[in-house]
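Scroll down for the structure; my scribbles are underneath it.
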Protein chains: 2
Amino acid sequence: MLQPLSNCAIIGAMTGTPRQRARAQAIEDIKRIAKEQLAREGSAALSLRAIARELGIVSSAVYRYVPSRDDLLTMLIVDAYNSLGDAVEAAEGACARDDLRGRWLALGSTARAWAVERPSEYALIYGSPVPGYQAPVEQTGDPGTRVSFLLLALLVDVERRRPPSAPLSGPLGEDLAALRDTLGLEIGDDLLARGYLAFTAMFGLISFEVFGQYRGSFTDCAAHFEHQLGRLADLLGI
Amino acid sequence: MLQPLSNCAIIGAMTGTPRQRARAQAIEDIKRIAKEQLAREGSAALSLRAIARELGIVSSAVYRYVPSRDDLLTMLIVDAYNSLGDAVEAAEGACARDDLRGRWLALGSTARAWAVERPSEYALIYGSPVPGYQAPVEQTGDPGTRVSFLLLALLVDVERRRPPSAPLSGPLGEDLAALRDTLGLEIGDDLLARGYLAFTAMFGLISFEVFGQYRGSFTDCAAHFEHQLGRLADLLGI
DNA sequence: AACAAAAGAGAGCATCGCTCTTGCCAGGAC
DNA sequence: GTCCTGGCAAGAGCGATGCTCTCTTTTGTT
(Lines give C-alpha, C1' and ligand atoms only; values in the text may rest on other atoms or scores of the structure.)
Protein backbone atom coordinates (compact mmCIF):
# COMPACT_ATOMS: atom_id res chain seq x y z
CA MET A 1 0.00 0.00 0.00
CA LEU A 2 1.23 3.45 -0.85
CA GLN A 3 2.01 6.08 1.74
CA PRO A 4 0.28 9.43 1.65
CA LEU A 5 3.05 11.55 0.17
CA SER A 6 1.19 14.73 -0.62
CA ASN A 7 2.19 16.58 2.51
CA CYS A 8 5.92 16.10 2.03
CA ALA A 9 6.08 19.61 0.60
CA ILE A 10 4.72 21.00 3.84
CA ILE A 11 7.19 18.95 5.80
CA GLY A 12 9.88 20.30 3.51
CA ALA A 13 8.75 23.83 4.24
CA MET A 14 9.13 23.27 7.98
CA THR A 15 12.63 21.82 7.94
CA GLY A 16 16.03 22.74 6.56
CA THR A 17 17.80 26.04 6.40
CA PRO A 18 15.91 29.33 6.06
CA ARG A 19 16.97 29.34 2.42
CA GLN A 20 15.37 25.98 1.83
CA ARG A 21 12.26 27.01 3.69
CA ALA A 22 11.90 30.18 1.66
CA ARG A 23 12.49 28.23 -1.51
CA ALA A 24 9.87 25.63 -0.66
CA GLN A 25 7.46 28.40 0.23
CA ALA A 26 8.08 30.12 -3.10
CA ILE A 27 7.41 26.90 -4.98
CA GLU A 28 4.21 26.41 -2.98
CA ASP A 29 3.14 29.96 -3.85
CA ILE A 30 3.80 29.35 -7.52
CA LYS A 31 1.78 26.15 -7.48
CA ARG A 32 -1.06 27.79 -5.59
CA ILE A 33 -1.35 30.63 -8.08
CA ALA A 34 -0.96 28.18 -10.93
CA LYS A 35 -3.93 26.19 -9.64
CA GLU A 36 -6.00 29.35 -9.36
CA GLN A 37 -5.05 30.25 -12.93
CA LEU A 38 -5.88 26.73 -14.03
CA ALA A 39 -9.32 27.00 -12.50
CA ARG A 40 -9.92 30.38 -14.11
CA GLU A 41 -8.42 29.99 -17.56
CA GLY A 42 -7.67 26.35 -18.22
CA SER A 43 -4.52 24.36 -18.66
CA ALA A 44 -3.30 25.80 -21.94
CA ALA A 45 -3.64 29.35 -20.62
CA LEU A 46 -1.35 28.53 -17.72
CA SER A 47 1.23 31.28 -18.00
CA LEU A 48 4.46 31.63 -16.09
CA ARG A 49 4.47 35.34 -16.86
CA ALA A 50 1.02 35.75 -15.36
CA ILE A 51 2.13 33.83 -12.29
CA ALA A 52 5.14 36.12 -12.00
CA ARG A 53 2.93 39.21 -12.30
CA GLU A 54 0.59 37.96 -9.60
CA LEU A 55 3.60 37.14 -7.46
CA GLY A 56 5.04 40.61 -7.99
CA ILE A 57 8.27 39.38 -9.51
CA VAL A 58 9.65 39.43 -13.01
CA SER A 59 8.99 36.44 -15.24
CA SER A 60 12.57 35.21 -15.41
CA ALA A 61 12.66 34.93 -11.64
CA VAL A 62 10.07 32.16 -11.73
CA TYR A 63 12.56 30.01 -13.57
CA ARG A 64 14.67 29.93 -10.43
CA TYR A 65 12.02 27.67 -8.95
CA VAL A 66 10.37 25.95 -11.90
CA PRO A 67 12.46 24.59 -14.77
CA SER A 68 9.74 25.11 -17.34
CA ARG A 69 6.03 25.41 -17.88
CA ASP A 70 5.79 21.71 -18.61
CA ASP A 71 7.55 20.81 -15.38
CA LEU A 72 5.12 23.01 -13.49
CA LEU A 73 2.27 21.13 -15.16
CA THR A 74 3.85 17.85 -14.08
CA MET A 75 4.04 19.10 -10.48
CA LEU A 76 0.39 20.07 -10.62
CA ILE A 77 -0.54 16.69 -12.03
CA VAL A 78 1.34 14.90 -9.26
CA ASP A 79 -0.34 17.16 -6.70
CA ALA A 80 -3.74 16.42 -8.19
CA TYR A 81 -3.14 12.68 -8.17
CA ASN A 82 -2.08 12.87 -4.55
CA SER A 83 -4.96 15.10 -3.55
CA LEU A 84 -7.44 12.71 -5.14
CA GLY A 85 -5.60 9.76 -3.65
CA ASP A 86 -5.66 11.31 -0.17
CA ALA A 87 -9.39 12.02 -0.37
CA VAL A 88 -10.37 8.61 -1.69
CA GLU A 89 -8.06 6.70 0.63
CA ALA A 90 -9.39 8.58 3.64
CA ALA A 91 -13.01 7.95 2.70
CA GLU A 92 -12.48 4.31 1.87
CA GLY A 93 -10.36 3.75 4.93
CA ALA A 94 -13.16 5.06 7.14
CA CYS A 95 -15.36 2.14 6.11
CA ALA A 96 -15.41 -1.22 7.80
CA ARG A 97 -13.22 -3.54 5.80
CA ASP A 98 -15.94 -6.14 5.38
CA ASP A 99 -18.43 -3.55 4.14
CA LEU A 100 -17.47 -4.12 0.53
CA ARG A 101 -20.35 -2.22 -1.01
CA GLY A 102 -19.82 0.67 1.38
CA ARG A 103 -16.16 0.85 0.44
CA TRP A 104 -17.03 0.94 -3.27
CA LEU A 105 -19.68 3.61 -2.78
CA ALA A 106 -17.34 5.69 -0.63
CA LEU A 107 -14.60 5.38 -3.23
CA GLY A 108 -16.85 6.49 -6.03
CA SER A 109 -18.71 9.27 -4.23
CA THR A 110 -15.50 10.77 -2.94
CA ALA A 111 -13.83 10.67 -6.33
CA ARG A 112 -16.82 12.39 -7.90
CA ALA A 113 -17.03 15.02 -5.16
CA TRP A 114 -13.32 15.71 -5.53
CA ALA A 115 -13.67 16.08 -9.31
CA VAL A 116 -16.75 18.29 -9.20
CA GLU A 117 -15.02 20.57 -6.74
CA ARG A 118 -11.84 20.87 -8.83
CA PRO A 119 -12.85 20.34 -12.43
CA SER A 120 -9.65 21.88 -13.75
CA GLU A 121 -7.44 19.57 -11.72
CA TYR A 122 -9.61 16.61 -12.65
CA ALA A 123 -9.21 17.53 -16.31
CA LEU A 124 -5.47 17.60 -15.76
CA ILE A 125 -5.33 13.93 -14.82
CA TYR A 126 -8.38 12.33 -16.44
CA GLY A 127 -8.96 14.63 -19.41
CA SER A 128 -7.32 14.51 -22.76
CA PRO A 129 -3.58 14.97 -22.37
CA VAL A 130 -2.38 18.55 -22.51
CA PRO A 131 -1.33 19.05 -26.13
CA GLY A 132 2.31 18.69 -26.94
CA TYR A 133 2.95 17.36 -23.50
CA GLN A 134 3.10 13.84 -22.14
CA ALA A 135 3.29 13.55 -18.39
CA PRO A 136 6.48 11.64 -17.53
CA VAL A 137 5.49 8.31 -16.03
CA GLU A 138 8.50 8.28 -13.69
CA GLN A 139 7.05 11.38 -12.04
CA THR A 140 3.35 10.60 -12.05
CA GLY A 141 3.61 6.82 -11.88
CA ASP A 142 3.06 6.08 -8.22
CA PRO A 143 0.59 8.81 -7.31
CA GLY A 144 -1.30 8.03 -10.49
CA THR A 145 -2.08 4.49 -9.38
CA ARG A 146 -3.33 5.13 -5.88
CA VAL A 147 -7.03 5.02 -6.72
CA SER A 148 -6.69 1.97 -8.92
CA PHE A 149 -4.71 0.16 -6.22
CA LEU A 150 -7.48 0.94 -3.78
CA LEU A 151 -9.97 -0.69 -6.10
CA LEU A 152 -7.69 -3.67 -6.62
CA ALA A 153 -7.41 -4.14 -2.86
CA LEU A 154 -11.19 -4.03 -2.70
CA LEU A 155 -11.43 -6.61 -5.46
CA VAL A 156 -9.10 -8.91 -3.54
CA ASP A 157 -11.48 -8.77 -0.59
CA VAL A 158 -14.41 -9.38 -2.93
CA GLU A 159 -12.69 -12.38 -4.46
CA ARG A 160 -12.18 -13.95 -1.04
CA ARG A 161 -15.93 -14.04 -0.55
CA ARG A 162 -16.75 -15.50 -3.91
CA PRO A 163 -16.42 -18.93 -5.42
CA PRO A 164 -13.46 -19.03 -7.79
CA SER A 165 -14.44 -18.45 -11.41
CA ALA A 166 -13.06 -20.07 -14.53
CA PRO A 167 -10.32 -18.09 -16.26
CA LEU A 168 -11.16 -16.41 -19.53
CA SER A 169 -9.69 -17.64 -22.79
CA GLY A 170 -8.42 -15.60 -25.70
CA PRO A 171 -6.20 -12.51 -25.75
CA LEU A 172 -8.10 -10.83 -22.93
CA GLY A 173 -7.50 -13.87 -20.71
CA GLU A 174 -3.78 -13.65 -21.40
CA ASP A 175 -3.74 -9.94 -20.58
CA LEU A 176 -5.59 -10.54 -17.33
CA ALA A 177 -3.24 -13.37 -16.41
CA ALA A 178 -0.27 -11.12 -17.06
CA LEU A 179 -1.83 -8.42 -14.91
CA ARG A 180 -2.41 -10.91 -12.11
CA ASP A 181 1.24 -11.89 -12.35
CA THR A 182 2.75 -8.41 -12.35
CA LEU A 183 0.45 -7.17 -9.61
CA GLY A 184 0.75 -10.32 -7.55
CA LEU A 185 -2.93 -10.18 -6.64
CA GLU A 186 -5.34 -13.07 -6.37
CA ILE A 187 -8.27 -11.90 -8.45
CA GLY A 188 -10.10 -14.16 -10.88
CA ASP A 189 -10.50 -13.20 -14.51
CA ASP A 190 -14.20 -12.57 -14.24
CA LEU A 191 -13.97 -10.27 -11.27
CA LEU A 192 -10.92 -8.49 -12.64
CA ALA A 193 -12.75 -7.75 -15.87
CA ARG A 194 -15.80 -6.58 -13.94
CA GLY A 195 -13.58 -4.39 -11.81
CA TYR A 196 -12.01 -2.79 -14.86
CA LEU A 197 -15.44 -2.08 -16.29
CA ALA A 198 -16.73 -0.63 -13.02
CA PHE A 199 -13.63 1.54 -12.63
CA THR A 200 -13.78 2.82 -16.19
CA ALA A 201 -17.52 3.40 -16.06
CA MET A 202 -17.17 5.33 -12.83
CA PHE A 203 -14.60 7.71 -14.29
CA GLY A 204 -16.65 7.87 -17.46
CA LEU A 205 -19.61 9.07 -15.42
CA ILE A 206 -17.46 11.66 -13.67
CA SER A 207 -15.90 12.83 -16.93
CA PHE A 208 -19.26 13.19 -18.66
CA GLU A 209 -20.50 15.31 -15.79
CA VAL A 210 -17.39 17.43 -15.32
CA PHE A 211 -16.78 17.96 -19.02
CA GLY A 212 -20.39 18.91 -19.69
CA GLN A 213 -21.18 16.03 -22.01
CA TYR A 214 -24.64 15.58 -20.48
CA ARG A 215 -25.57 19.06 -21.70
CA GLY A 216 -27.88 19.58 -18.76
CA SER A 217 -29.76 16.31 -18.98
CA PHE A 218 -29.68 15.96 -15.23
CA THR A 219 -30.58 18.60 -12.71
CA ASP A 220 -29.29 16.37 -9.92
CA CYS A 221 -26.08 14.87 -11.18
CA ALA A 222 -25.20 13.55 -7.76
CA ALA A 223 -28.39 11.48 -7.58
CA HIS A 224 -27.73 10.08 -11.03
CA PHE A 225 -24.16 9.24 -10.11
CA GLU A 226 -25.14 7.51 -6.87
CA HIS A 227 -27.74 5.49 -8.73
CA GLN A 228 -25.27 4.31 -11.34
CA LEU A 229 -22.66 3.65 -8.66
CA GLY A 230 -25.15 1.27 -7.10
CA ARG A 231 -25.61 -0.49 -10.42
CA LEU A 232 -21.86 -0.89 -10.71
CA ALA A 233 -21.75 -2.33 -7.21
CA ASP A 234 -24.34 -4.85 -8.37
CA LEU A 235 -22.11 -5.63 -11.33
CA LEU A 236 -19.29 -6.34 -8.89
CA GLY A 237 -21.63 -8.55 -6.90
CA ILE A 238 -21.26 -6.56 -3.69
CA MET B 1 -33.53 11.27 -37.20
CA LEU B 2 -30.74 13.58 -38.28
CA GLN B 3 -29.49 13.79 -41.83
CA PRO B 4 -25.86 13.17 -42.64
CA LEU B 5 -24.67 16.73 -43.05
CA SER B 6 -20.95 16.22 -43.19
CA ASN B 7 -20.60 16.26 -46.95
CA CYS B 8 -22.27 19.64 -47.43
CA ALA B 9 -18.82 21.19 -47.68
CA ILE B 10 -18.03 19.00 -50.65
CA ILE B 11 -21.34 19.89 -52.25
CA GLY B 12 -20.47 23.51 -51.63
CA ALA B 13 -17.13 23.03 -53.36
CA MET B 14 -18.82 21.65 -56.48
CA THR B 15 -21.42 24.33 -56.92
CA GLY B 16 -21.58 28.10 -57.14
CA THR B 17 -19.33 30.56 -58.86
CA PRO B 18 -15.60 29.88 -59.34
CA ARG B 19 -15.04 32.35 -56.53
CA GLN B 20 -17.19 30.33 -54.18
CA ARG B 21 -15.59 27.08 -55.29
CA ALA B 22 -12.09 28.43 -54.68
CA ARG B 23 -13.15 29.77 -51.33
CA ALA B 24 -14.69 26.45 -50.24
CA GLN B 25 -11.55 24.66 -51.42
CA ALA B 26 -9.36 27.02 -49.43
CA ILE B 27 -11.39 26.40 -46.29
CA GLU B 28 -11.15 22.66 -46.87
CA ASP B 29 -7.38 22.96 -47.23
CA ILE B 30 -7.15 24.94 -44.02
CA LYS B 31 -9.20 22.37 -42.16
CA ARG B 32 -7.18 19.50 -43.60
CA ILE B 33 -3.88 21.01 -42.51
CA ALA B 34 -5.40 21.94 -39.17
CA LYS B 35 -6.36 18.31 -38.60
CA GLU B 36 -2.84 17.18 -39.49
CA GLN B 37 -1.42 19.73 -37.06
CA LEU B 38 -3.90 18.59 -34.44
CA ALA B 39 -2.75 15.01 -34.85
CA ARG B 40 0.90 16.01 -34.65
CA GLU B 41 0.93 18.66 -31.95
CA GLY B 42 -2.39 18.66 -30.15
CA SER B 43 -5.23 21.10 -29.88
CA ALA B 44 -3.54 23.91 -27.96
CA ALA B 45 -0.65 23.96 -30.43
CA LEU B 46 -3.06 24.52 -33.30
CA SER B 47 -1.53 27.58 -34.93
CA LEU B 48 -3.00 29.67 -37.71
CA ARG B 49 0.47 30.93 -38.53
CA ALA B 50 1.75 27.39 -38.97
CA ILE B 51 -1.23 26.59 -41.19
CA ALA B 52 -0.45 29.66 -43.27
CA ARG B 53 3.20 28.62 -43.57
CA GLU B 54 2.26 25.13 -44.70
CA LEU B 55 -0.22 26.66 -47.15
CA GLY B 56 2.46 28.98 -48.49
CA ILE B 57 0.57 32.14 -47.66
CA VAL B 58 1.02 34.82 -45.07
CA SER B 59 -0.73 34.45 -41.75
CA SER B 60 -3.15 37.33 -42.21
CA ALA B 61 -4.49 35.74 -45.38
CA VAL B 62 -5.91 32.84 -43.39
CA TYR B 63 -8.25 35.26 -41.64
CA ARG B 64 -10.03 35.75 -44.98
CA TYR B 65 -11.39 32.24 -44.53
CA VAL B 66 -11.45 31.64 -40.81
CA PRO B 67 -12.63 34.35 -38.42
CA SER B 68 -10.39 33.18 -35.59
CA ARG B 69 -8.56 30.26 -34.13
CA ASP B 70 -11.53 29.44 -31.92
CA ASP B 71 -13.89 29.39 -34.89
CA LEU B 72 -11.55 27.01 -36.66
CA LEU B 73 -11.63 24.78 -33.61
CA THR B 74 -15.41 24.88 -33.66
CA MET B 75 -15.42 23.86 -37.33
CA LEU B 76 -13.12 20.96 -36.54
CA ILE B 77 -15.33 19.89 -33.65
CA VAL B 78 -18.41 19.92 -35.87
CA ASP B 79 -16.52 17.97 -38.52
CA ALA B 80 -15.42 15.44 -35.93
CA TYR B 81 -18.94 15.02 -34.58
CA ASN B 82 -20.23 14.49 -38.10
CA SER B 83 -17.45 12.11 -39.05
CA LEU B 84 -18.13 10.00 -35.97
CA GLY B 85 -21.86 10.25 -36.58
CA ASP B 86 -21.47 9.14 -40.19
CA ALA B 87 -19.35 6.15 -39.25
CA VAL B 88 -21.58 4.98 -36.42
CA GLU B 89 -24.83 5.55 -38.29
CA ALA B 90 -23.53 3.62 -41.29
CA ALA B 91 -22.40 0.69 -39.17
CA GLU B 92 -25.57 0.57 -37.11
CA GLY B 93 -27.75 1.04 -40.14
CA ALA B 94 -26.17 -2.01 -41.77
CA CYS B 95 -27.55 -4.23 -39.03
CA ALA B 96 -30.96 -5.83 -39.07
CA ARG B 97 -33.27 -3.65 -37.04
CA ASP B 98 -34.38 -6.51 -34.81
CA ASP B 99 -30.79 -7.54 -34.09
CA LEU B 100 -30.62 -5.34 -31.03
CA ARG B 101 -27.41 -6.75 -29.65
CA GLY B 102 -25.77 -6.55 -33.06
CA ARG B 103 -26.75 -2.91 -33.37
CA TRP B 104 -25.27 -2.12 -29.96
CA LEU B 105 -22.05 -3.97 -30.71
CA ALA B 106 -21.75 -2.28 -34.10
CA LEU B 107 -22.34 1.11 -32.53
CA GLY B 108 -19.66 0.58 -29.91
CA SER B 109 -17.03 -1.10 -32.07
CA THR B 110 -17.34 1.55 -34.74
CA ALA B 111 -17.10 4.38 -32.24
CA ARG B 112 -13.98 2.84 -30.74
CA ALA B 113 -12.38 2.20 -34.13
CA TRP B 114 -13.10 5.77 -35.16
CA ALA B 115 -11.57 7.11 -31.96
CA VAL B 116 -8.47 4.92 -32.06
CA GLU B 117 -7.84 6.00 -35.64
CA ARG B 118 -8.21 9.73 -34.87
CA PRO B 119 -7.25 10.18 -31.24
CA SER B 120 -6.75 13.91 -31.66
CA GLU B 121 -10.21 14.44 -33.10
CA TYR B 122 -11.71 12.20 -30.45
CA ALA B 123 -9.99 14.27 -27.79
CA LEU B 124 -11.53 17.34 -29.38
CA ILE B 125 -15.07 16.16 -28.70
CA TYR B 126 -14.82 13.77 -25.75
CA GLY B 127 -11.73 15.05 -23.97
CA SER B 128 -11.49 17.85 -21.51
CA PRO B 129 -12.66 21.07 -23.12
CA VAL B 130 -9.97 23.08 -24.82
CA PRO B 131 -8.89 25.63 -22.21
CA GLY B 132 -10.36 29.07 -22.43
CA TYR B 133 -12.77 27.87 -25.05
CA GLN B 134 -16.31 26.60 -24.78
CA ALA B 135 -17.74 25.10 -27.94
CA PRO B 136 -20.87 27.06 -28.84
CA VAL B 137 -23.86 24.74 -28.47
CA GLU B 138 -25.71 26.41 -31.34
CA GLN B 139 -22.93 25.23 -33.65
CA THR B 140 -22.15 21.81 -32.24
CA GLY B 141 -25.62 20.99 -30.89
CA ASP B 142 -27.11 18.83 -33.60
CA PRO B 143 -24.02 16.97 -34.81
CA GLY B 144 -23.04 16.43 -31.19
CA THR B 145 -26.16 14.41 -30.46
CA ARG B 146 -26.14 12.01 -33.39
CA VAL B 147 -24.56 9.09 -31.54
CA SER B 148 -26.73 9.54 -28.49
CA PHE B 149 -29.85 9.70 -30.63
CA LEU B 150 -28.80 6.46 -32.27
CA LEU B 151 -28.59 4.83 -28.87
CA LEU B 152 -31.93 6.30 -27.86
CA ALA B 153 -33.55 4.87 -30.99
CA LEU B 154 -32.04 1.52 -30.09
CA LEU B 155 -33.40 1.81 -26.56
CA VAL B 156 -36.89 2.48 -27.94
CA ASP B 157 -36.69 -0.79 -29.86
CA VAL B 158 -35.42 -2.54 -26.76
CA GLU B 159 -38.26 -1.16 -24.68
CA ARG B 160 -40.84 -2.53 -27.13
CA ARG B 161 -39.62 -6.02 -26.44
CA ARG B 162 -39.57 -5.71 -22.68
CA PRO B 163 -42.24 -5.66 -20.04
CA PRO B 164 -42.78 -2.09 -18.81
CA SER B 165 -40.84 -1.32 -15.66
CA ALA B 166 -41.88 0.74 -12.70
CA PRO B 167 -40.72 4.37 -12.81
CA LEU B 168 -37.98 5.41 -10.43
CA SER B 169 -38.70 7.71 -7.56
CA GLY B 170 -36.57 10.55 -6.24
CA PRO B 171 -34.70 13.29 -8.10
CA LEU B 172 -33.32 10.88 -10.69
CA GLY B 173 -36.84 9.73 -11.52
CA GLU B 174 -37.88 13.34 -12.09
CA ASP B 175 -34.89 13.97 -14.35
CA LEU B 176 -35.64 10.86 -16.37
CA ALA B 177 -39.31 11.81 -16.68
CA ALA B 178 -38.29 15.26 -17.91
CA LEU B 179 -35.94 13.68 -20.43
CA ARG B 180 -38.71 11.39 -21.65
CA ASP B 181 -40.92 14.44 -22.10
CA THR B 182 -38.46 16.65 -23.96
CA LEU B 183 -37.26 13.80 -26.18
CA GLY B 184 -40.72 12.43 -26.76
CA LEU B 185 -39.47 8.87 -26.54
CA GLU B 186 -41.12 5.93 -24.87
CA ILE B 187 -38.39 4.51 -22.72
CA GLY B 188 -38.95 3.34 -19.17
CA ASP B 189 -36.90 4.71 -16.30
CA ASP B 190 -34.99 1.52 -15.71
CA LEU B 191 -33.94 1.07 -19.30
CA LEU B 192 -33.15 4.75 -19.73
CA ALA B 193 -30.86 4.66 -16.72
CA ARG B 194 -29.22 1.50 -17.98
CA GLY B 195 -28.78 3.12 -21.36
CA TYR B 196 -27.09 6.13 -19.84
CA LEU B 197 -24.74 3.90 -17.91
CA ALA B 198 -23.93 1.80 -20.96
CA PHE B 199 -23.34 4.88 -23.08
CA THR B 200 -21.13 6.55 -20.51
CA ALA B 201 -19.22 3.37 -19.78
CA MET B 202 -18.60 2.82 -23.47
CA PHE B 203 -17.10 6.26 -23.92
CA GLY B 204 -15.24 5.82 -20.66
CA LEU B 205 -13.64 2.70 -22.08
CA ILE B 206 -12.70 4.50 -25.26
CA SER B 207 -11.34 7.49 -23.39
CA PHE B 208 -9.22 5.37 -21.07
CA GLU B 209 -7.71 3.61 -24.06
CA VAL B 210 -7.20 6.69 -26.24
CA PHE B 211 -5.90 8.87 -23.43
CA GLY B 212 -3.50 6.21 -22.21
CA GLN B 213 -5.03 5.76 -18.77
CA TYR B 214 -4.54 1.99 -18.93
CA ARG B 215 -0.79 2.55 -19.06
CA GLY B 216 -0.27 -0.55 -21.13
CA SER B 217 -2.34 -2.94 -19.03
CA PHE B 218 -3.76 -4.51 -22.15
CA THR B 219 -1.82 -5.70 -25.16
CA ASP B 220 -5.07 -6.25 -27.02
CA CYS B 221 -7.26 -3.29 -26.23
CA ALA B 222 -9.75 -4.25 -28.92
CA ALA B 223 -10.38 -7.62 -27.29
CA HIS B 224 -10.86 -5.98 -23.91
CA PHE B 225 -13.26 -3.45 -25.40
CA GLU B 226 -15.33 -6.08 -27.20
CA HIS B 227 -15.55 -8.08 -24.00
CA GLN B 228 -16.79 -5.14 -21.99
CA LEU B 229 -19.15 -4.13 -24.79
CA GLY B 230 -20.74 -7.55 -24.43
CA ARG B 231 -21.12 -7.02 -20.69
CA LEU B 232 -22.84 -3.72 -21.36
CA ALA B 233 -25.17 -5.44 -23.82
CA ASP B 234 -26.04 -7.86 -21.05
CA LEU B 235 -26.71 -4.87 -18.82
CA LEU B 236 -29.15 -3.59 -21.44
CA GLY B 237 -30.75 -7.01 -21.57
CA ILE B 238 -30.08 -7.53 -25.26
C1' DA C 1 32.67 42.26 8.09
C1' DA C 2 33.56 39.54 3.93
C1' DC C 3 32.16 36.09 0.85
C1' DA C 4 29.54 33.20 -2.05
C1' DA C 5 25.36 31.41 -3.30
C1' DA C 6 20.84 32.32 -4.29
C1' DA C 7 17.36 35.51 -6.03
C1' DG C 8 15.72 39.16 -8.80
C1' DA C 9 15.83 42.51 -12.79
C1' DG C 10 16.00 43.49 -17.45
C1' DA C 11 16.90 42.91 -22.23
C1' DG C 12 16.27 39.99 -25.93
C1' DC C 13 14.76 36.09 -29.23
C1' DA C 14 11.34 33.47 -31.44
C1' DT C 15 6.70 32.40 -31.49
C1' DC C 16 1.70 33.19 -31.15
C1' DG C 17 -3.31 35.50 -32.30
C1' DC C 18 -5.10 39.22 -34.41
C1' DT C 19 -5.74 43.97 -36.83
C1' DC C 20 -4.82 47.34 -40.08
C1' DT C 21 -3.44 49.25 -44.48
C1' DT C 22 -1.75 48.71 -49.04
C1' DG C 23 -1.64 47.01 -53.32
C1' DC C 24 -3.13 43.52 -56.85
C1' DC C 25 -5.90 40.81 -59.86
C1' DA C 26 -9.57 38.42 -61.80
C1' DG C 27 -14.72 37.82 -62.30
C1' DG C 28 -18.87 40.08 -63.58
C1' DA C 29 -21.49 44.27 -65.60
C1' DC C 30 -21.85 47.04 -69.53
C1' DG D 1 -13.70 44.47 -75.34
C1' DT D 2 -13.17 47.56 -71.29
C1' DC D 3 -13.95 49.02 -66.67
C1' DC D 4 -14.58 48.45 -61.96
C1' DT D 5 -15.51 46.41 -57.79
C1' DG D 6 -14.98 42.76 -54.56
C1' DG D 7 -12.19 39.39 -52.88
C1' DC D 8 -7.36 38.16 -51.91
C1' DA D 9 -2.54 38.28 -50.48
C1' DA D 10 1.19 40.79 -48.39
C1' DG D 11 3.38 43.23 -44.87
C1' DA D 12 3.87 45.87 -40.78
C1' DG D 13 2.61 46.14 -36.25
C1' DC D 14 0.62 45.31 -31.31
C1' DG D 15 0.50 42.71 -27.26
C1' DA D 16 1.34 38.48 -25.43
C1' DT D 17 3.74 33.95 -24.64
C1' DG D 18 8.08 30.62 -23.15
C1' DC D 19 12.63 30.76 -22.37
C1' DT D 20 17.73 32.40 -22.12
C1' DC D 21 21.32 35.36 -21.04
C1' DT D 22 23.67 38.73 -18.33
C1' DC D 23 23.98 41.80 -14.65
C1' DT D 24 22.90 43.40 -10.08
C1' DT D 25 21.12 42.89 -5.47
C1' DT D 26 20.00 40.44 -1.50
C1' DT D 27 20.98 37.26 2.12
C1' DG D 28 22.60 33.44 4.84
C1' DT D 29 26.94 31.74 6.36
C1' DT D 30 31.57 31.88 8.01
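Hydrogens, waters and symmetry mates are skipped; everything else that's a heavy atom, side chains included, is used. Throughout, protein chains are lettered first and strands after them, A, B, ... in sequence-line order, and every chain is numbered starting at 1. Since the structure is predicted, the reported quantities are computational estimates derived from the model, not experimental observations.
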Measure from CD1 on A:I27 to P on C:dG8 and round the result to the nearest Å. 11 Å
Could you tell me whether B:L46 contacts a base, only the sugar-phosphate backbone, or nothing, with contacts defined as non-hydrogen atoms closer than 4.0 Å? sugar-phosphate
Is B:E54 salt-bridged to B:R40, going by a charged N under 4.0 Å from an acidic O? yes
Whole angstrom is fine here: how far is it from CD in B:Q37 over to C1' in C:dC16? 12 Å
Any N/O donor-acceptor pair, B:R23 side-chain to D:dG7 base, under 3.5 Å: no
At less than 4.0 Å, is any side-chain N or O atom of B:R64 found next to OP1 or OP2 of D:dG6? Yes or no. no
Touch class at under 4.0 angstrom, heavy-atom based, for A:Y65 against every strand present: sugar-phosphate
Between B:S60 and D:dA9, is there a contact of a side-chain N or O with OP1 or OP2 at under 4.0 Å? no
Would you mind telling me which of D:dC19, D:dG13, D:dT17 lies closest to the side-chain atoms of B:R49? D:dG13
Is the closest basic N to carboxylate O distance between A:R32 and A:E36 below 4.0 Å? yes
Taking atom P of D:dA16 as reference, at what distance in whole Å does atom CZ of B:R69 sit? 18 Å
Are OP1 or OP2 of C:dG17 and a side-chain N or O of B:S47 less than 4.0 angstrom apart? yes
Under 3.5 Å, is there a donor-acceptor pair between the A:Y196 and B:S217 side chains? yes
Side chain of A:L48 (C-beta onward), nearest among C:dA7, D:dG18, D:dA12: D:dG18
Rounding to a whole Å, what distance do you find between B:R21:CZ and D:dG7:P? 17 Å
Looking across every strand, which nucleic acid part, if any, lies under 4.0 Å from B:S68 by heavy atom: base, sugar-phosphate, or nothing? sugar-phosphate
Distance check, rounded to the nearest 0.5 Å: B:R180 atom CZ versus B:L185 atom CG? 10.0 Å
